[in-house]
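Below is one structure, written out as structure tokens; the observations come after it.
FYI, side chains are in, hydrogens and waters are out, and symmetry mates aren't considered; it's all heavy atoms of this structure. Note that the structure is a prediction, hence the values are computed from the model and not measured.
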Amino acid sequence: MSGIIFAFFVLSAVLFCGTFYNIMALQKPGFYPPKKILKKRAGALAGGGALFLIIGMIFSSFQ
């Protein structure tokens with residue numbers, strides 16, 4: 001069970017890293033994907049990261 005909880009926390013960390021990468025790409029001029037797409041992608045990654053973080057915290061509280 002601890003391996004599954006660890007996987008949820010690692011997955012949330014990876015998604016948050018992707019969120020920060022897309023936020024930093026918004027600051028760079030001339031980045032290919034339009035800013036609208038980058039904002040949408042960053043929001044989706046942040047939502048997924050928060051979801052997996054909450055699931056990991058719930059599972060760790062039951063352990």
ask   = Given side chains that start at C-beta, do those of Leu38 and Arg41 come closer than 4.5 Å, heavy atoms only?
value = yes
task = Determine the minimum heavy-atom distance between Gly49 and Ser12, stating which atoms define it.
result = O-CB, 3.3 Å
message = I need the minimum non-hydrogen distance between Phe9 and Met57, along with the two atoms involved.
response = CZ-N, 3.8 Å
Which donor-acceptor pairs under 3.5 Å do side chains of residues 15-34 form with protein atoms, sequence neighbours excluded?
unit_1, atom_1, unit_2, atom_2, d
Thr19, OG1, Leu15, O, 3.0
Thr19, OG1, Ala46, N, 3.1
Asn22, ND2, Gly18, O, 3.0

[X] with [Y], same ILVMFWY side-chain cluster at under 4.5 Å:
X     : Y     : answer
Val14 : Ile4  : no
Val10 : Phe52 : no
Phe62 : Leu53 : no

message = Going by the rule side chain to side chain contact (heavy atoms under 4.5 Å, CB included), which residues pair with Leu51 if we only count those two or more places apart in sequence or in a different chain?
response = Ile55
query = Got a sec: does the NZ of Lys36 have more than 12 other heavy atoms crowding it under 6.0 Å?
reply = no
